Amino acid sequence: MDMKKNDTFTVTIEDMSDDGAGIGKQDGYIWFIKDTVIGDKVEARVMKTKKSYGFARLEKVLEPSPGRVKPLCPVARQCGGCQLQAMSYKEQLKFKENKVYNNLVRVGKLEGLSRVEEEGAEDKDCPGAVFLPVMGMENPWRYRNKAQFPIGADKNGNIVTGFYAGRTHVIIPQEDCLLGVEENREILRLIKDFMERFHIRPYDEAGHSGLVRHVLIRKGFRTGELMVCLVINGHILPHQEELVEGLRNIHGMTSISLSVNTERTNVIMGQELIHVFGPGYITDFIGDVKYQISPLSFYQVNPAQTEKLYRTALEYAGLTGEEVVWDLYCGIGTISLFLARKARKVFGVEIVSQAVDDARQNARINGIENVEFFLGRAEEVLPREYEKNGIRADVVVVDPPRKGCDEKCLDTIVKMGPERVVYVSCDSATLARDVRYLCDRGYEVRKVRCCDMFCLTGHVETCVLLSQQHIDDYIRVSVDLEPEDVTPGRNDSYL
Ligand code: SAH
């Protein structure tokens, strides 16, 4: 490859990287080009080159792919938040399914994973592992219940809100993100007017001066309740009652608060909260479980898809009311509480103490008594409880962060030998690695189903059901082995 920075070239996009950049090849050299779609023929400009791959910028689409659409958002390319806006929604779903399927087959070395077209088909046609159709959204826009807007000033000193241009702290003015709720626009306009009227300055990062840093807006999609939290570089917002007066007229406004963040930091929220209107939280539901969400709580950003994903996890857990279930990496207990109504007992494990407090509180407000939450690392709590206290599990659910499960955690799951493991994952590469680990130790994959929680971005969630490889199944597939060569499944009770 003998091109240098700023040279232009023509290439056809053949594939897509995991983060949604198009991939084109020239004599074995690989180009990553953002904002392109598989099937596009494009002119691109070299940005950076390495030995076997390089990054280029899309200059012009010469021949558009049939899967290409015009991005709806005027700042889609500058913002970079939605990597897949140039792809039709149907193509996006296909891309995500393929990504997960390929990782499971290539990294996870899963054999015989059959793709089925319709629900229910799996039971009659496919005795082995099935890959079910992705759960998409009917309308993949305005699905986010949470938005955080930075507040700053433009060259002329005018107050601006919008988004940081990809990987920078330059604010692109854009008050209506198409993934967020319509109310965002009105709330931001009100806040800007208020600041202008009372000469309240936006925060200036370089000088660590000015007052208003960010606005956090959340909406309970089921309840319609709205929350606004202003992050300020100080303890007092002058004339706050005027702002409250304006905001509370917006339909659904339930909670208004200030978050004090006087540090020089990229972290958005400060730890101190001052509630200036309402109870300090909003309420929402996932399924029939109620949640109180404060400005600092973790809460899933796409509640409609979260419900679909957790219903799938619940279905895969196959509960009858008698089971002991462990929900590892439980966050605020969303899955735990979902399962608790159908299980004998649910134990949750989570590393963030605020999340555990929220999980306990959520159990309380729902009157759910058969759950218990442990604060700590899954890879420490589970072995400890297993070795010292002899705890057991019929079903283990895991929903780890991107890096996947710690090996010690997986190893303890194998030792405990639950009948089923339900793996909820936001990163199919680590999912594939962990699934391989379990499959080498007595489990087999039964079902895989993706869920499009973060439409228009490159991310995808997946729910996998693994169950014990029963000795009967094993003998069936190992008929030509001598009986003593047959390695039993992990759980000796099957012998
Ligand atoms: N199921 C949860 C969200 C899971 S996100 C829900 O719906 O609310 C992953 C969670 O794992 C985060 O809450 C994170 O704080 C937690 N976590 C990360 N590493 C962990 C570890 N080693 N042990 C336990 N929890 C961990």
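What you see is a predicted model, and the numbers here were worked out from it, not measured in a lab. For ligands, and for the atoms within them, numbers begin at 1 and follow the listed sequence.
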- Give a yes or no answer on whether the side chain of Glu379 reaches the backbone of Cys409 with a donor-acceptor pair at less than 3.5 Å. no
- heavy-atom search around atom 11 (O) of ligand 1 in the protein gives Tyr329 CB, 3.4 Å
- Quick check: does Lys403 get an N/O under 3.5 Å from an N/O on ligand 1? no
- Note on the structure: A student checking ligand 1 against Val352 at a 4.0 Å heavy-atom cut-off should list atoms 15 (O)
- Message: Counting only heavy atoms closer than 4.0 Å, does ligand 1 sit against the backbone of Ala355, its side chain, both, or neither?
- Response: neither
- NZ/NE/NH1/NH2 to OD/OE distance under 4.0 Å, Glu175 and Arg189: no
- Task: Just jot down the ligand 1 atoms closer than 4.0 angstrom to any heavy atom of Phe298, in number order.
- Result: 8 (O)
- Message: Check this for me - ligand 1, Glu350, N or O atoms closer than 3.5 angstrom, yes or no?
- Response: yes
- Has ligand 1 got any nitrogen or oxygen that is less than 3.5 angstrom from a nitrogen or oxygen of Pro400? no
- Task: Give the atoms of ligand 1, by number and element, whose distance to some non-hydrogen atom of Ile332 is under 4.0 Å.
- Result: 8 (O)
- For atom 23 (N) of ligand 1, find the nearest protein heavy atom and state the residue, atom name and distance (0.1 Å precision). Ala378 N, 2.8 Å
- Task: Do me a favour and list the nearest non-hydrogen protein atom to atom 5 (S) of ligand 1 with residue, atom name and distance?
- Result: Asp399 O, 3.9 Å
- Message: Less than 4.0 angstrom from a charged side-chain N to a carboxylate O is my criterion; do Glu97 and Lys99 meet it?
- Response: no
- Task: Before accepting this row, confirm whether a basic side-chain N of the pair Asp284/Arg222 lies closer than 4.0 Å to the acidic partner's carboxylate O.
- Result: no
- To which protein heavy atom is atom 17 (N) of ligand 1 closest, and what is the distance rounded to 0.1 Å? Ile351 CG2, 3.4 Å
- Decide, yes or no, whether a salt bridge links Asp394 with Arg392 under the criterion of side-chain N to carboxylate O below 4.0 Å. yes
- Taking Gln468 for its side chain and Gly417 for its backbone only, find out whether a donor-acceptor pair lies under 3.5 Å. yes
- Any Tyr299 heavy atom less than 4.0 Å from ligand 1: no
- If you measure from the Lys or Arg side-chain nitrogens to the Asp or Glu carboxylate oxygens, is any gap between Arg142 and Glu182 under 4.0 Å? yes
- Task: May I ask you to decide if Leu431's main-chain N or O and Ser428's side chain share a donor-acceptor pair within less than 3.5 Å?
- Result: no
- Query: Where is the nearest protein heavy atom to atom 8 (O) of ligand 1: which residue, which atom, and how far?
  - Reply: Thr334 OG1, 2.9 Å
- Aromatic Tyr101 / basic Arg115 pairing, under 6.0 angstrom, 45° off normal: yes
- Task: Anything under 30° is parallel, anything over 60° is perpendicular, the rest tilted; go ahead and classify Tyr53 against Phe32.
- Result: perpendicular
- Task: May I ask you to identify the nearest protein heavy atom to atom 7 (O) of ligand 1, giving residue, atom name and distance to one decimal place in Å?
- Result: Tyr310 OH, 2.5 Å
- Query: Taking the inter-plane angle between the rings of Tyr203 and His208 on a 0 to 90° scale, is it parallel (under 30°), tilted (30 to 60°) or perpendicular (over 60°)?
  - Reply: perpendicular
- Message: Contact between ligand 1 and Cys426 is defined here as a heavy atom of the residue under 4.0 Å from a ligand atom; is it met?
- Response: no
- Item | Under 4.0 Å to a heavy atom of Gly376 - the qualifying atoms of ligand 1, by number | 23 (N), 24 (C)
- Query: Hey, is Pro401 one of the residues with a heavy atom under 4.0 angstrom from ligand 1?
  - Reply: yes
- Message: Taking the basic N atoms (NZ, or NE/NH1/NH2) and the acidic carboxylate oxygens, is any pair closer than 4.0 Å for Asp288 and Arg341?
- Response: yes
- Identity and separation of the nearest protein heavy atom to atom 2 (C) of ligand 1: Cys330 O, 3.4 Å
- Numbered in order shown, the ligand 1 atoms found under 4.0 Å of a heavy atom of Gln300 are 6 (C), 7 (O)
- At what distance is the nearest protein heavy atom to atom 22 (N) of ligand 1, and which residue and atom is it? Glu379 OE1, 3.1 Å
